[in-house]
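Here's the structure we're looking at; comments come further down.
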Amino acid sequence: MEWTAKWIRPSQEMGDVCPVFEKTFSLEGEVKSAQLFLTGLGTYEAVLNGKRVGDFVLAPGWTAYEHRLQYQEYDVTELLAQKNLLSVTLGKGWYRSPLGWEVPERIQALRSRPAGIFAQLILTRADGSTQVIGTDETWTAAESQVRFSEIYDGETFDASFCAKEALPVCVFDGPTDTLTPQQGEEIREQERIAPRAVFTTPAGETVVDFGQEVTGYVEISAEGRSGDRIRLSHAEVLDKEGNFYTENYRSAKAGYLYLCRDGKQTYKPKLTFFGFRYIRVDEFPGGPQAADASNFTAIAVHSDLLRTGRLQSSDPLLNRFFENVIWGQKGNFLDVPTDCPQRNERLGWTGDAQAFVRAACLNFDVERFFAKWLTDMRLGQRKDGQICHVIPAILRDPDSSAAWGDAAAICPWEVYLAYGNLQLLKNQFDCMKKWIHYITVHTTTPNLWTGGTHFGDWLGLDAPAGSYKGSSREDFIASAFYAHSTMLVVKAGHALGEDVSEYEALYEHIRQAFRQAYPVCLTQTECVLAAHFCLAQDCQAVADQLAQMVRACGTKLQTGFVGTPYLLHVLSDFGYETLAWDLLLRREYPSWLYPVTKGATTVWEHWDSIMEDGSFWSSDMNSFNHYAYGAVTDWVYTTAAGIRTIESAPGYAKVEIAPHPDERLGWLEANLDTRHGHIRSRWEKQEGSWRFEIDTPVDAKITIAQKSRFVSKGTYIFYAPRKETL
Ligand code: BGC
């Protein structure tokens, strides 16, 4: 793209106020088409002649800004008039809001980064000639009605504010070399949700319940007078007493203040977002009690991903859990796969993404989404191969953690398996290898990964008192992931036709060293990793030990972020399907369904974010929308319903279908749209037999009741006797 535009910013610092940049122009000649190329250092909303340009919310999205900044292209032909006014309002967005846990000087430095935009409008006439309008000194900037907008703290809008004067802008040296066309999916408004109830809490506060935790914002519709204020706070849950609870947002203020003009008015925040199910009406014309359900609508926003997978069963509680996983993904796939959408994090934590990636690829088409995020990962990878804890890499972490940095190998491999995109794997291959190099160089013991700082089996239930880390040994976890990622480099190398003999040898060395260093497993998560990554001398024995451990503590899981994604796989792969089902169908704490019994509408960060007695397990690390444990749904697709792509034919070019029904469910059905068509696997309990119905769009190996048959595309129905080992 040939740029003639220049970066502009207001000639005077506006502090917290969001500037609105404006340009008036007239058409010269008869214009046939108009393309607007636009980006900004923050989040922008553009309006041409009073109409919003495009529907990308929080544009230009979040990339590793030091390496690249996306610009968007909009066809604005339909919005043109003879005389035009183009305005662009710019919030701080991810670029200028203090993210993470910044020290005061950095916060100041971030907030005072230039509030700049860069735009180029190309008007094309019938004869092919063009009129180009780019940002330059002829634009103006004024204080907008958005008086404040930050990612964590929310937004303030003054509908009766009118800027006294438009200021000149100045041109500055913004990022032009790093401008890149939109790569990811655009973020869009997806769903509108009416309040389920408006009520007064025991503390006397007016609270609106939308009945569903969402990521987005609330649209206000109200009658007011200039000077009236509408102030809302956001929360995910009510506390034990039924009061509005915001402690778990930590320092994120998540506030929303709207200052009215005269008359009827409708407004929704433009440049930020919140994670919430409830809002508290702190101020409203006539007092909070004057507010009713007609005044508010929640709007869910997320990356515009196509839904590809659907799970349903005869158990309403399990179905609600499936829905919660979907909502968890929607709420945290906002251009970047984030840990949570509400508290002072909302960051692209790598450990969470690698735990969930397989489920993510089944639920939605996330190929482009991950291609974008992984590009930022490889651009942000440090010289020595270090992968930062979060991508975009905004934390200044001194080293990498096992299972978090391993996202560098796991995510591209899983995305490749799901969609068969070899180019993506090729793009990431160096990053994968450099990650292995990082471990090799940083370990204190050759062929193992010892030393360093790790998150361990984060939030494992066997954590010693006062710690967030489960009691699995950190060196054990790190060495296991070292082996696993090395194996993925080997597999990726084979797919790409690369020589990976060095990594094959390394893998063998790691495996040997691992067996010597860790002859016994001490925790559930250790057993899970040793068996799932094929590291134990005798994987069956380790799986047997796992089953015993699970039973010995009352058929309960103890695993955290590291062990949980593979727990059921190990049990069912080694002959403990019923135990795997026991864990999945368990309703008491700890289990996947326990939060559902407590009214969860998304997946919780901790197994008992809300404890049996209604109190919270912590006020500090307690998100109610953390997708990581939703990873278990990949087991439901791939084992319970039994749909898997064959590794040598990725993207479901050929499939294996081997369902594993359980007596406690009447039926289960999985539907999956793949690059090669629609796959359906359904089983149903009938008198004395199981009925299996399978649609496959490609050649498939179907295994039922230990009998395999090879079929070509079509619909197949099989019966197998119940009570038999399947
Ligand atoms: C995040 C996690 C993340 C972790 C690192 C937390 O604060 O919310 O999901 O993976 O830090 O252990």
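Order of appearance sets the numbers: ligands from 1, and atoms from 1 within every ligand.
Scanning for side-chain hydrogen bond (donor to acceptor under 3.5 Å, both in side chains) contacts around T559 gives T564, with sequence neighbours left out.
In this structure, ligand 1 sits under 4.0 Å from heavy atoms belonging to D339, R343, E345, W349, D352, W404, F455, W458, F561, E605, M621, H626.
In this structure, the ring of Y629 has its center less than 6.0 angstrom from the ring center of F561.
In terms of modelled atom types and a separation under 3.5 Å, the side chain of S97 and the main chain of L99 share no donor-acceptor contact. Side chain of R586 to main chain of L593: no donor-acceptor pair is present (N/O by atom type, distance under 3.5 Å, no hydrogens or angles).
V366 is listed as a side-chain neighbour of Q329, based on a closest heavy-atom distance under 4.5 Å. Looking at V301 and E189, their side chains come closer than 4.5 Å, going by heavy atoms from C-beta outward.
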